[in-house]
Amino acid sequence: MSWEILEINQPHVAKMISNSMRKGRIAHAYLFEGQKGTGKKEAALLFAKRLFCLTNLYKEPCETCVNCRRIQSGNHPDVHFVTPDGNSIKKQQIEQLQEEFTKTAVESNRKLYIIEHADQMTVQAANSLLKFLEEPSEKTVAILLTEQFHRILPTIVSRCQILSFHPLPTERICAYLQEHGVPRQLAILAARVTNNVEEALRLSQDDWFAQARKIVIQLYEALNSEYVQALLVIQQHWLSHFANKEQMHIGLDLLLYLYNDLLYVLLGEEQHIAYGDCMEQFQRSRFLYSEKQIAQHMKVILQAKARLHTNMNPQLLMEQLVLQLREGSAFV
Ligand SMILES: [Zn+2]
C-alpha cells in the first residue's frame, strides 16, 4: 500500500497521521480499530516506514531504502511485531517486548511496536502492557490493531489515540477501478467482492476474474434450464476454475450478487444491478421466481459459503447447492 492509496481508503486516518508528523506531535500509542480488510496493518507499516525512511520524501516512504525494506520484511531491529501465539497474546510476549525496549534503539533514536489483534491479549498481558503504556518513553511508539474494539480494556483505550478504519463505499472503489481502465461490469463486482482497493484492482485486472464471471453466468443459465446442465457446468468448468477455498468464496459471492440482481429486477430497482449485461437473462427468468424464492436462494448460497469452512468436499458442496437452487423453483 502507498500513502496515496491510504488517503483514498482512509482519508481521516491519513490526515491525522500526517498532521501529527508535521507538527512533530506523534502520540505514544495508537489504536487502529476497524473491520477486517480495512487496511489497518498496511497503514501501520506505512506509518512505520514514514518514521524510519532514510530518504525523507514528502509523505510517501521511498520503499527502497534499507529501513523501508527491512520494515516490509519484518526485519528492522527497532520495529517489533507482536502477534497472537495460538489463540492469545500472552504475558510473556509483552514482557519480552518490554525487555527489548529497555535496550536503546539499535540504529535510530526511535522504537516502534505493532500489536496485531490486540483484543486477544490475556488479562495478564493487557495489564503488563498497561504498565508499559503508563511509562511512555520519549521515543517509543505503540500501534495496537483490533477488529474488536469493544474487547480492549478501557484503561488501555484511554491511553491511546484512536483511529477508526471504515470499509470503503463500493461506489468509491468502483470509480477508482474504472479510472484505472477496468470495465464497469468487472469493476462493480470486484468492488463488492473486496473492500480493499488494491485487492480489487488486482482482481479486476486478472483474466481469472473475468472468466469467473462468465462461469457464474453460465451456471445461472443452466440452473434455469436443466438440472443436468447445471451439474455439467460444475464438473466441467466450476471445480477447475475455483480450485481453492478462497476462489470458491469469490465464485459463490459472484453467484450471490447475480441472484441479488434478479431481486433488484423484480423490485424494479435496476439501477443497482451489477450484471448489467445480463438484463435479457433477468427479464427471461424473472417469472420463474418470487421474491421469497430468491431470498431463499441467496440464503442457501450463504450457507454453502459457511460450509466451506468445514472442509467439505467442494464437488459435493456444489452439487448440493445446485440441488437446493433447483428446489423451490417454478420448474422443479
Ligand atoms: Zn525509505
Side-chain angles (χ1 to χ4, degrees), residues 1-34 36-83 96-118 132-133 136-146 160-166 168 173 176 179-180 194-202 205:
M1 175 146 81
S2 63
W3 199 267
E4 188 195 350
I5 295 276
L6 182 68
E7 284 176 331
I8 297 171
N9 280 357
Q10 306 294 337
H12 174 69
V13 170
K15 199 173 157 195
M16 292 288 281
I17 296 176
S18 283
N19 283 348
S20 59
M21 284 194 74
R22 204 181 58 237
K23 293 176 186 159
R25 281 211 294 255
I26 295 157
H28 294 299
Y30 291 88
L31 180 60
F32 289 4
E33 69 90 14
K36 187 173 158 46
T38 46
K40 297 179 293 299
K41 189 177 176 187
E42 292 86 347
L45 283 175
L46 265 178
F47 188 13
K49 286 175 192 164
R50 271 189 76 173
L51 287 172
F52 287 89
C53 181
L54 299 170
T55 315
N56 222 347
L57 297 170
Y58 174 68
K59 288 206 287 197
E60 207 74 68
C62 77
E63 302 287 350
T64 51
C65 74
V66 63
N67 279 355
C68 281
R69 281 188 284 123
R70 285 193 299 184
I71 290 169
Q72 184 63 36
S73 59
N75 289 322
H76 195 290
D78 296 326
V79 178
H80 296 262
F81 294 86
V82 179
T83 51
Q96 273 171 6
L97 185 72
Q98 284 165 312
E99 205 181 295
E100 194 58 48
F101 274 71
T102 54
K103 299 173 196 163
T104 41
V106 180
E107 297 192 5
S108 43
N109 56 359
R110 198 188 281 284
K111 272 177 169 277
L112 179 142
Y113 60 96
I114 296 170
I115 302 183
E116 289 182 62
H117 299 288
F132 200 23
L133 293 174
S137 119
E138 196 53 30
K139 293 293 181 185
T140 297
V141 179
I143 306 176
L144 280 58
L145 314 180
T146 183
C160 297
Q161 180 171 348
I162 299 151
L163 293 181
S164 295
F165 286 62
H166 303 287
L168 204 59
I173 302 180
Y176 177 83
E179 281 163 24
H180 284 75
T194 172
N195 255 148
N196 181 314
V197 164
E198 282 179 307
E199 207 181 305
L201 185 63
R202 186 191 55 75
Q205 290 177 335

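Counting convention: from 1, in listed order, for ligands and their atoms alike. We number each residue from 1, following the sequence as shown.
- Listed by chain and residue number, I71, L112 satisfy the side-chain contact (heavy atoms from CB on, under 4.5 Å) test with A48 (two or more places apart in sequence, or in another chain).
- For the side-chain contact (heavy atoms from CB on, under 4.5 Å) test, residues two or more places apart in sequence or in another chain that qualify with T140 are F101, Y113, S137.
- Closest approach of S164 to V13, counting heavy atoms only: O-CG2, 3.5 Å.
- Side-chain N or O atoms of K40 include one that pairs as donor or acceptor with a backbone N or O of G34 at under 3.5 Å.
- Here the side chain of Q10 pairs a donor or acceptor atom with the backbone of H166 at under 3.5 angstrom.
- The Zn ion (ligand 1) has C53 SG, C62 SG, C65 SG, C68 SG as its protein N, O or S neighbours under 2.8 Å.
- The side-chain contact (heavy atoms from CB on, under 4.5 Å) test applied to T83 returns E116, not counting sequence neighbours.
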